[in-house]
Participant: 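Here it is: the structure, laid out below.
Here is how names work: the chains are called A, B, and so on, in the same order as the sequence lines, proteins then strands, and each is numbered from 1.
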Number of protein chains: 2
Amino acid sequence: MTAATPDEGVAVPVTIRDVARASGVHISTVSRTFSAPHLVNPETRVRVLACAEDLGYRPNRAARALITGRTHNIGLIIADIANPFFPPLIKAAESQARHRDYHVFVADTNEDPTTEEELVHALAKQVDGVLLCSPRMSNSLIEQLSREVPLVVVNRQVTGLPCVLMDVGQGARAAIEHLIGLGHRSIALLGGPRSSWTNREMRRAAGAAARSGGAELTLLGPNAPTETGGAAVAEQVRRSGVSAVLAYNDLMAIGLIEGLHALGVRVPQEVSVVGVDDITLSRLTRPKLTTVATPTGAAGRTAVDMLLQQDIESPRGARAPGAGTALGVRRTTAQVMLQTDLVIRDSTGPGPHARPVRPLAAPLGPDPHCPAGPGIPTAVTGDAVAS
Amino acid sequence: MTAATPDEGVAVPVTIRDVARASGVHISTVSRTFSAPHLVNPETRVRVLACAEDLGYRPNRAARALITGRTHNIGLIIADIANPFFPPLIKAAESQARHRDYHVFVADTNEDPTTEEELVHALAKQVDGVLLCSPRMSNSLIEQLSREVPLVVVNRQVTGLPCVLMDVGQGARAAIEHLIGLGHRSIALLGGPRSSWTNREMRRAAGAAARSGGAELTLLGPNAPTETGGAAVAEQVRRSGVSAVLAYNDLMAIGLIEGLHALGVRVPQEVSVVGVDDITLSRLTRPKLTTVATPTGAAGRTAVDMLLQQDIESPRGARAPGAGTALGVRRTTAQVMLQTDLVIRDSTGPGPHARPVRPLAAPLGPDPHCPAGPGIPTAVTGDAVAS
DNA sequence: TACTTCACTGCAAACCTTTGCAGGATCACT
DNA sequence: AGTGATCCTGCAAAGGTTTGCAGTGAAGTA
């Protein structure tokens, strides 16, 4: 049946030519059967498809890429795969890409801008585009690289480039308002990496929300966006005398809670803590973490879509016969902002200025494991909102 | 300097021909400069390299793949990227591959055997080999697929195929012995997916260890290898009356602890829990999890090495002019077993039969957050031990 | 019938690189 | 000077596919 001798270790490569021979047509007809089915007679088509199936033919993507200029691969550059924020994004992007018949190269930069740049270069020629997730490079470098290969940037705003953003500003505002509503007036913001767009955005929004709510916001940072980074500032948080903290991300928040716990500071009784990301972990720690849920899966899907859409417009390299440049709209520079949602769990509680409106607020016994917090988890929506 | 007009959005593809023209040599010389530098005059070489650098030339891997038959890509098929067990493996594999000038396609199967098979098929022609991590397919299917594309299997034993295994048997034994040493005589084993090699291996080793230690082992399962799966059996665990549990993995262990906590059962005072994997998370929960550390990073690296080594032997498809089959040793079928280590943290404590040798064992106050457990984390070794 | 249209298929060039072979130059040695 | 070896380079075929163009036959129109 197949061309391979049954017990041979290595499969014999079956090409378009074998299929053509088997089905008695020219190779170009076979080619069209796959890449332009409407151009071939239905009868012929089924015959060719049958032969192809029979022989186990699969188009050689390298050969196809060579002539079409499209590899059907996309690159996904991630700051740190081990950071639980990213796997859902990777998973969603991979799945979305696969449905569009694309494959995803995943590469990890270890949070290093230089590695990041090298990776884009290395990937440039063998992918149709690259997704840059939480890049640490400078804006100008990103722009420069975007001339080498189509880019979509996630978690960062680069003018002139398609970006997928999560509205952490809104999330930070909601978090601060939530804390103020609980009676906190002195709040700290644990900053993340300096070069992070998210970081700036949070600072801006949290600052505004605090001002308009009559609370004081203390900035602590920058810090490493990890559990260790969070634990390291616990002492500083205690000294600062704040009653609530908004952390750059969940890992830091969890680290901070650990650190505070080691110092004998109870969460949320003495200090409330809010994280960002809603990683799986945040549901598993004790107390369960109040956090700003970011739609990472939606971000991955959206980014893939934007990349592919942009690719479709410029079918090949610059080999248009006429003026190479005048191809009309070359890049869609749309920026998509995804909604975030505050998920209230157990790491936030009443602050010093809480109005004892209702006599509820059970004084929270010595066991912090079963706090009677409000705990109304808002649904996480990941709908894209084009801006 | 470069051939691209500066403000053009799309980079002009610069080929080997451009470099040849610029440096005044034939394209074959340029080719050799990159793929066989020792065959070209040093002077010529530097000139060519300079021109290439100048023009920003990068070899077209599709064209190269077309003629050499090697794509310099490898596929990495993962049961569930979101499972924190995998990211360190992915990270290590990607890094190792990159150092060998390979790129890694990552694909997620959602624990579905059918998707798994499809992915291998889809990847077969565009990679030089595939890493199968914790596959859920049948052995026979895996063997069959291995005829289509070189395979390395991780976390599973398939005769005739190169495998990277982690010695969970030894880990399970150590865990059971640890528990018996603490005075537990009635222990439950929370099983994972039925088709999992790890699962069978653990059952075998744990059973043997329990027998020889005079303890009774209750099997509970199979269960989903997730936090939810663990939480779901909490009630069952309580009813079974065991004083200690060894879970299939950390996620299940953590879920179980949560579930027990919800039932008012304290860990480790009433029930000790041991996990497997030592995911980052296990250090962050309270109580911190005692677990069998598996060298996932080493597994990723080793798997890549084994795949590449195997690839090197059979340089192309079966197109040797003579007898296609008699190519000598075709596949190395080495199986590598990596060591595991028991990391003792806070989720295990004295059992009903504990000998109060020393009066230590501080009666563990109402606050389970600061248990004075033994907590001597063994170093995680990831040395490969060929079998 | 003659002509046009249409649907389908074949032909051959092109994509970019690698590589076996052969030619040319240089050099050492006899 | 002749011989052979060595080193470097050029030539050209090959790899699997796509695609513009041309050709075929049949159907439709005048």
Side-chain angles (χ1 to χ4, degrees), chain A residues 3 11-48 52 55-72 101 124-126 128 315-321, chain B residues 3 11-48 52 55-72 101 124-126 128 315-321:
Chain A
V12 175
V14 32
T15 79
I16 207 177
R17 223 170 291 274
D18 301 316
V19 179
R21 198 176 314 124
S23 48
V25 296
H26 193 262
I27 59 165
S28 54
T29 302
V30 179
S31 171
R32 276 187 276 257
T33 303
F34 289 98
S35 49
H38 59 281
L39 288 182
V40 24
N41 188 320
E43 287 178 41
T44 320
R45 196 190 321 168
V46 301
R47 186 155 40 95
V48 170
L55 298 172
Y57 167 75
R58 282 171 195 278
N60 181 326
R61 291 175 93 123
R64 179 180 286 184
L66 187 54
I67 186 160
T68 63
R70 344 217 67 249
T71 61
H72 269 239
D101 196 26
K125 274 289 177 51
Q126 45 201 316
D128 297 341
R316 302 187 60 174
R319 63 178 29 260
Chain B
V12 175
V14 31
T15 78
I16 208 176
R17 223 170 292 275
D18 301 316
V19 179
R21 198 175 314 122
S23 48
V25 298
H26 194 263
I27 58 165
S28 54
T29 302
V30 178
S31 171
R32 275 187 278 256
T33 303
F34 288 98
S35 49
H38 59 281
L39 289 182
V40 25
N41 188 320
E43 286 177 42
T44 320
R45 195 190 321 166
V46 300
R47 188 155 38 97
V48 170
L55 297 173
Y57 167 74
R58 284 173 193 275
N60 180 326
R61 288 174 96 123
R64 179 180 287 183
L66 187 55
I67 187 161
T68 63
R70 343 217 67 252
T71 62
H72 269 240
D101 196 25
K125 273 288 177 52
Q126 45 200 317
D128 297 341
R316 303 185 59 173
R319 64 178 28 260

Participant: Kindly indicate whether the side chain of Ile16(A), heavy atoms from C-beta on, has any atom under 4.5 Å from the side chain of Ser31(A).
Facilitator: yes
Participant: Looking at the side chain of Thr68(A), which of dT18(D), dT17(D), dC16(C) is the nearest nucleotide?
Facilitator: dT18(D)
Participant: Mind checking the OG1-CZ spacing from Thr71(B) to Arg61(B)? Nearest 0.5 Å is all I need.
Facilitator: 8.5 Å
Participant: Starting at NE2 of His72(B) and ending at C1' of dT17(C), how long is that distance when rounded to a whole Å?
Facilitator: 13 Å
Participant: Tell me: CZ of Arg45(B) to P of dC7(D), nearest whole Å?
Facilitator: 13 Å
Participant: Can you measure from CG (Asn60(B)) to OG1 (Thr15(B)) and round to the nearest 0.5 angstrom?
Facilitator: 9.5 Å
Participant: In whole angstrom, what separates Ile67(B)'s CD1 from dA14(C)'s P?
Facilitator: 18 Å
Participant: If you look at every heavy atom in Val14(B) and Leu55(B), which pair is closest and at what distance?
Facilitator: CG1-O, 3.5 Å
Participant: Rounded to the nearest 0.5 Å, how far does CZ of Arg17(B) lie from NE2 of His26(B)?
Facilitator: 8.0 Å
Participant: Would you mind reading off the distance between Leu39(B) atom CG and dT6(D) atom P, rounded to a whole angstrom?
Facilitator: 15 Å
Participant: Nearest to the side chain of Ala63(A) - dG10(C), dT19(C), dT17(D)?
Facilitator: dT17(D)
Participant: Starting at CD of Glu43(B) and ending at C1' of dA25(C), how long is that distance when rounded to a whole Å?
Facilitator: 14 Å
Participant: Would you check if the side chain of Arg47(A) reaches a backbone N or O of Ser23(A) as a donor-acceptor pair within less than 3.5 Å?
Facilitator: yes
Participant: Nearest to the side chain of Ile16(B) - dT18(D), dT9(C), dT18(C)?
Facilitator: dT18(C)
Participant: Taking all heavy atoms of Ala63(A) and all of Leu66(B), pick out the closest pair and write down the distance.
Facilitator: CB-CD1, 3.7 Å
Participant: Per the end-axis method with five pairs at each terminus, what is the bend angle of the helix from dT1(C)-dA30(D) to dT30(C)-dA1(D), to 10°?
Facilitator: 50°
Participant: Distance check needed: dT17(C) P versus Leu66(A) CG, whole Å only.
Facilitator: 9 Å
Participant: OP1 or OP2 of dT9(C) less than 4.0 angstrom from a side-chain nitrogen or oxygen of Thr44(A), does that happen here?
Facilitator: yes
Participant: Side-chain contact, heavy-atom cut-off 4.5 Å: Thr44(B) with Thr33(B)?
Facilitator: no
Participant: Find the distance His38(A):NE2 to dC6(C):C1' and express it as a whole number of Å.
Facilitator: 14 Å
Participant: Quick one: Arg61(A) CZ to dG16(D) P, roughly how many Å, whole number?
Facilitator: 17 Å
Participant: When you measure from every atom of DNA chain C, which of residues 26-36 of chain A have a heavy atom less than 4.0 Å away?
Facilitator: His26(A), Ser28(A), Thr29(A), Arg32(A)
Participant: Output the distance between atom CZ (Arg64(B)) and atom CZ (Arg70(B)), rounded to the nearest 0.5 Å.
Facilitator: 12.0 Å
